[in-house]
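Note sheet for the following structure.
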Amino acid sequence: MSVFASLVGQLADLLKPLFGLSAAAAAIVLFTALVRLLVHPLSRAAARGQKARARLQPRIAELRRRYGRDPEKLQRALLDLHTREKVSPLAGILPSLFQLPAFFLLFSLFSNTTIGGRPNELLGHELFTAPLGGRWADALGDGGPLGGAGLVYAGLFAVVVAVAAFSYRLTKRSMAANAALTGAGAGAGSSRGGGSGTGRGAVEPVAVPGMGAVAKVVPFLSFLTLVTVAVVPLAAALYVVTSMAWGVVERAVLHR
């Protein structure tokens, strides 16, 4: 951890002429951008995988119609389909998994008063008037929501809400597109079955238990970042907010 602390300290020293006392905060933002650049190839692969999975939706709907009463056969059929098409259902989570070590390093770094037996000098750095090792509860106890540190958190919360609202729109649009593809597949199957959609060969959409509730909740998940920002040290919160904003913009570009 001392090596990581030294890296953050050196970045802060480089940025100090531009950002003054908030140089360490700027260093964390820069570090986050570097991490996101490193995992960008995984993000591109995840975007390609999501597009491929979207194209498979009509065939997945057909498999669910065919094997809906036999979960074991359905699971095997879905696995075979993804294997044939070389689409990994797990590709979408790899960018997030590879960022976890960086987040936990920052969390630990700004939660400990000592590093390698020496006082943690990074805890003396601030974002404007908010200590990077402090939390929202500390800000509320020191000046309240309208105090200096409280206003810093208010600004972070505003950024999270704005980014989460944009993410909400992207998620709703993506889910609507997937639903349209599934419906198109069902319509095609119905035509083959005899025009009206009620013939023997009709492909009728099959409701997956619980999916309706999940579909309603998923677009709002980004707003849970507010909780993370409130409970982790400010340095880790900066990482989360910067990574979240980068991820949403990246997603909008890659899924055009």
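Going from atom CZ of Arg66 over to atom CG of Leu74 covers 11.0 Å, rounded to the nearest 0.5 Å. Separating the CG atom in Leu123 from the NE2 atom in His125 is a distance of 9.0 Å, to the nearest 0.5 Å. With values rounded to the nearest 0.5 angstrom, Ile60 atom CD1 is found 15.0 Å from Arg65 atom CZ. To the nearest 0.5 Å, atom CG of residue Leu122 and atom CD1 of residue Ile115 are 5.5 Å apart. The CG atom of Asp80 sits 9.5 Å away from atom CG of Leu63, with the distance rounded to the nearest 0.5 Å. If you take CZ on Arg118 and OG1 on Thr113, they are separated by 15.0 Å, rounding to the nearest 0.5 Å.
At a threshold of 4.5 Å between side-chain heavy atoms, the hydrophobic network of Ile, Leu, Val, Met, Phe, Trp and Tyr places Leu105 and Val231 in one connected group. By the criterion of side-chain heavy atoms lying less than 4.5 angstrom apart, applied directly or through intervening Ile, Leu, Val, Met, Phe, Trp or Tyr residues, Leu37 is not grouped with Leu15; the two fall into different hydrophobic clusters. Residue Leu238 is grouped with residue Phe128 when hydrophobic side chains (ILVMFWY) are merged at heavy-atom distances under 4.5 angstrom, including chains of intermediate members. Leu156 and Leu146 are members of different hydrophobic clusters when ILVMFWY side chains are connected at heavy-atom separations under 4.5 Å. A single hydrophobic cluster is not seen to contain both Phe98 and Leu254; linkage of ILVMFWY side chains at heavy-atom distances under 4.5 Å, directly or through other members, places them apart.
The shortest heavy-atom contact between Gly150 and Ala139 is N-CB, 3.9 Å. Across all non-hydrogen atoms, the minimal contact from Ala27 to Ala12 is CB-N, 3.7 Å. The shortest heavy-atom contact between Met244 and Val160 is CE-O, 3.9 Å.
In this structure, Thr32 contributes its side chain and Ile28 its backbone to a donor-acceptor pair below 3.5 Å. Here the side chain of Asn120 pairs a donor or acceptor atom with the backbone of Leu109 at under 3.5 angstrom. Between the side chain of Asn112 and the backbone N or O of Ser108, at least one donor-acceptor pair lies under 3.5 Å. Checked by atom type and distance alone, the side chain of Glu62 never pairs as donor or acceptor with a backbone atom of Pro58 at under 3.5 Å. A side-chain donor-acceptor contact under 3.5 Å links Thr225 to the backbone of Ser222.
In summary, the aromatic rings of Tyr239 and Phe104 are positioned with their centroids too far apart to meet the 6.0 Å limit.
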Practice task
Go through the steps for Ser22 and Glu126 under the test side-chain hydrogen bond (donor to acceptor under 3.5 Å, both in side chains), then give the verdict.
Solution key: CA-CA 6 Å; Ser22 296; Glu126 300 177 336; over 6 Å; no
Exercise for the section: Show the numbers, then the answer: is there a side-chain hydrogen bond (donor to acceptor under 3.5 Å, both in side chains) between Thr242 and Arg36? Expected result: CA-CA 10 Å; Thr242 305; Arg36 293 297 315 210; over 6 Å; no
Practice task
For the pair Phe4 and Phe31, evaluate ring pair (Phe, Tyr, Trp, His ring centres under 6.0 Å) and give the outcome as yes or no after the intermediate values.
Solution key: CA-CA 11 Å; Phe4 184 63; Phe31 170 76; 5.1 Å; yes
Exercise for the section: Applying side chain to side chain contact (heavy atoms under 4.5 Å, CB included), run through Val163 and Trp246 and close with a yes or a no. Expected result: CA-CA 10 Å; Val163 175; Trp246 180 295; over 6 Å; no
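Using a 4.5 Å heavy-atom threshold, the side chains of Val8 and Leu11 count as separate. Taking 4.5 Å as the limit, every side-chain heavy atom of Leu234 sits out of range of all side-chain heavy atoms of Phe110. Looking only at side-chain heavy atoms (C-beta outward), Val229 and Phe157 come within less than 4.5 Å of each other. With a 4.5 Å cut-off on side-chain heavy atoms, Phe103 and Val232 count as touching. Side-chain atoms of His255 and Leu170, non-hydrogen and from C-beta on, never get closer than 4.5 Å to each other. With a 4.5 Å cut-off on side-chain heavy atoms, Leu140 and Pro145 count as touching. Contact annotation: the side chain of Leu127 approaches that of Leu132 to within less than 4.5 Å [non-hydrogen atoms, C-beta and beyond]. A 4.5 Å side-chain heavy-atom check between Ser111 and Arg135 finds at least one atom pair inside the cut-off.
Side chains of Ser43 and Arg251: a donor-acceptor N/O pair is absent below 3.5 angstrom, by distance only.
Atom CG of Leu97 sits in a crowded spot, with more than 12 heavy atoms from other residues, nucleotides or ligands closer than 6.0 Å. Counting heavy atoms of neighbouring residues, nucleotides and ligands inside a 6.0 Å radius, atom CZ of Arg44 does not exceed 12 of them.
Ring orientation note: the planes of Tyr168 and Phe220 are tilted relative to one another, at an angle of 30° to 60°.
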